Amino acid sequence: MASPSQHLYPRLLLTGAAGGLGRVLRPRLKARCDVLRVSDVADLGNAAVGEEVMPAPLQDRPAVFKLLEGVDAVVHMGGISTEQPFDDIVQANIIGTYNLYEAARIHGTRRIVFASSNHVTGFYRQDEVVDTTMPVRPDGYYGLSKAFGENLARFYFDRYGIETVCLRIGSSFAEPKDRRMLATWMSYDDLEHLVWSSLNSPVVGYSVIYGMSDNHHTWWDNTHAKHIGYRPQDSSEPFRAALEAKQPKLDLNDPAVIYQGGGFVKAGPF
Ligand code: 15L
């Protein structure tokens with residue numbers, strides 16, 4: 001007889017597993033469950049030991065229903081992650097996220113970690129500090145779709161008790177790439193810690209948290225998300241001198257400099 005799992009979530013689903021952050025999280029989450037089910041529309045390669053590879057377009061409802069079968073929790077990184085035409089965003093991020101929550105409801109999945117984005121509040125100014133209780137100010141169709149996802153998660157918690165932590169991820173890359181990212185950067189180790197804290201925290205209900213490292217200057221305040229237990233360990237500060245030298249002058253009339261969303265606030269029209 002198989003011995004009982006030592007893991008909190010024996011089978012985890014990671015959507016968007018072939019994407020930038022999905023590729024980072026794939027081996028790290030594998031180490032924290034018995035079976036990691038990975039999904040994407042892009043090539044996922046071969047299944048590693050303890051993995052199940054299940055490609056699925058998020059807008060394909062029957063495929064998404066199958067995807068959540070037997071899954072204990074979901075890390076939903078899938079969907080479009082940049083500003084794109086509305087018709088594309090609507091399929092993956094709006095219909096796709098609806099399909100995911102409906103599948104979670106039908107299969108009784110108890111917790112979802114939802115990759116939202118800082119672009120839900122991208123039209124706040126860079127001289128403002130935003131906390132997670134303030135009204136959203138999306139900076140484009142992508143930000144709007146993430147705001148929809150957050151509202152959907154709220155609804156599925158209120159109506160059906162499915163817990164979600166919405167991660168308003170800043171800029172998660174190996175290193176910050178420009179001056180804006182001195183405020184928005186989150187290291188990959190901190191990303192892993194944030195995702196794992198969101199899965200691990202005993203009671204999350206419906207929660208929202210900004211995903212950033214322990215940067216010296218920041219536009220976001222996670223006071224209302226202390227229960228998640230996320231304590232970032234890294235900081236953008238060691239990269240400051242090089243990035244400031246690369247971009248010595250800022251155009252204070254440029255919307256990308258005025259608003260927190262940076263270049264996203266002026267992407268399009270398509
Ligand atoms: C996001 O939400 C994007 O997915 C990512 O590609 C970055 O551009 C990031 O925001 C950012 O704001 O830097």
Side-chain angles (χ1 to χ4, degrees), residues 16 19-25 77 79-84 89 115-147 150 166-195 208-225 228 230-270:
L21 300 186
R23 286 197 305 269
V24 170
L25 289 172
M77 306 298 291
I80 290 177
S81 63
T82 54
E83 185 61 349
Q84 300 289 333
I89 298 261
S116 183
S117 169
N118 73 91
H119 295 285
V120 161
T121 50
F123 259 126
Y124 281 95
R125 297 171 56 95
Q126 295 192 9
D127 55 12
E128 291 174 286
V129 175
V130 183
D131 73 39
T132 53
T133 64
M134 289 165 71
V136 298
R137 293 181 75 173
D139 59 24
Y141 301 121
Y142 166 64
L144 276 165
S145 75
K146 293 297 184 183
E150 290 190 0
C166 299
L167 311 181
R168 289 187 180 165
I169 299 175
S171 310
S172 193
F173 296 100
E175 293 184 357
K177 297 177 179 175
D178 55 27
R179 281 182 84 130
R180 172 178 170 272
M181 291 191 192
L182 289 170
T184 62
W185 185 63
M186 176 166 58
S187 71
Y188 291 152
D189 285 351
D190 282 342
L191 169 73
E192 177 189 0
H193 173 43
L194 176 61
V195 169
V208 179
I209 184 167
Y210 282 95
M212 57 186 164
S213 281
D214 186 18
N215 304 325
H216 279 209
H217 72 262
T218 175
W219 308 321
W220 307 323
D221 174 356
N222 275 332
T223 302
H224 302 285
I228 306 291
Y230 170 58
R231 295 272 154 80
Q233 300 300 311
D234 294 318
S235 163
S236 62
E237 210 49 27
F239 303 94
R240 176 178 295 281
L243 290 171
E244 285 182 347
K246 230 167 65 179
Q247 272 181 293
K249 272 205 155 41
L250 289 179
D251 174 2
L252 297 180
N253 295 313
D254 180 355
V257 173
I258 297 173
Y259 298 108
Q260 298 185 2
F264 277 60
V265 306
K266 50 183 193 180
F270 299 97

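Bear in mind that the values here come from a model prediction, so they are computed numbers and not experimental data. All heavy atoms count here, side chains included; hydrogens, waters and symmetry mates do not.
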OH/Y230 to CG/L167 distance, rounded to the nearest 0.5 angstrom?
9.5 Å
Hey, could you give me each pair passing side-chain hydrogen bond (donor to acceptor under 3.5 Å, both in side chains) that has a residue in residues 166-177? Not counting sequence neighbours.
E150-R168, R168-Y210, S171-T184
Using ring-ring contact (aromatic ring centres under 6.0 Å, His included) as the criterion, list what pairs up with Y259, not counting sequence neighbours.
F123
Heavy-atom pair of closest approach, residues D214 and P232:
N-CB, 3.6 Å
Considering all heavy atoms, the nearest S145-I89 contact
CB-CG2, 3.4 Å
Nearest heavy-atom neighbours spanning Y142 and F264
CD2-CE2, 3.5 Å
Reported CZ-to-CE distance for the pair R23 and M77, which is rounded to 0.5 angstrom:
11.5 Å
With a 4.5 Å limit on heavy-atom distance, are the side chains of S235 and H216 in contact?
yes
When every non-hydrogen atom of S116 is compared with those of C166, the smallest separation belongs to CB-CB, 4.3 Å
Could you tell me the separation between the CG atom of N215 and the CG atom of L182, rounded to the nearest 0.5 Å?
7.5 Å
By side-chain hydrogen bond (donor to acceptor under 3.5 Å, both in side chains), Q84 pairs with (sequence neighbours left out) T82
How close do R180 and H119 get, counting heavy atoms only, and between which atoms?
NH2-CE1, 3.7 Å
Before accepting this row, confirm whether a basic side-chain N of the pair D127/R125 lies closer than 4.0 Å to the acidic partner's carboxylate O.
yes
4.5 Å side-chain heavy-atom contact, R179 and L250:
yes
Going by side-chain hydrogen bond (donor to acceptor under 3.5 Å, both in side chains), name the residues that satisfy it together with R240, two or more places apart in sequence or in a different chain.
H217, E237, E244
side-chain contact (heavy atoms from CB on, under 4.5 Å) between E128 and W219, intermediate numbers included:
CA-CA 6 Å; E128 291 174 286; W219 308 321; over 6 Å; no
For L25, is there any backbone N or O sitting under 3.5 Å from a side-chain donor or acceptor partner on E192?
no
Is there a donor-acceptor pair under 3.5 Å between the side chain of D221 and the backbone N or O of V130?
no
Can a donor-acceptor pair be found between the side chains of S187 and D189 at a distance below 3.5 Å?
no
Would you find a donor on one side and an acceptor on the other, under 3.5 Å apart, between the side chain of D190 and the backbone of D234?
yes
At what distance, to the nearest 0.5 angstrom, does OH of Y141 lie from CZ of F270?
8.0 Å
Quick one: CG on D178 to NZ on K246, what's the gap to the nearest 0.5 Å?
7.5 Å
Under 3.5 Å: donor-acceptor pair, side chain of Q260, backbone of W220
no
Heavy-atom closest pair (A147 atom, V136 atom, distance to 0.1 Å) is CB-CG2, 4.4 Å
Between N118 and G261, is there a donor-acceptor pair closer than 3.5 Å when you use the side chain of the first and the backbone of the second?
no
Output all residues satisfying side-chain hydrogen bond (donor to acceptor under 3.5 Å, both in side chains) with N253, sequence neighbours left out; order by chain, then residue number.
none
Is it true that a side-chain atom of Q126 and a backbone atom of V257 form a donor plus acceptor pair closer than 3.5 Å?
yes
If you measure from CG on D139 to CD on E83, what distance do you get to the nearest 0.5 Å?
7.0 Å
I'd like to check Y124 versus M134 (side-chain heavy atoms, cut-off strictly below 4.5 Å). Are they in contact?
yes
By side-chain hydrogen bond (donor to acceptor under 3.5 Å, both in side chains), D131 pairs with (sequence neighbours left out) T133
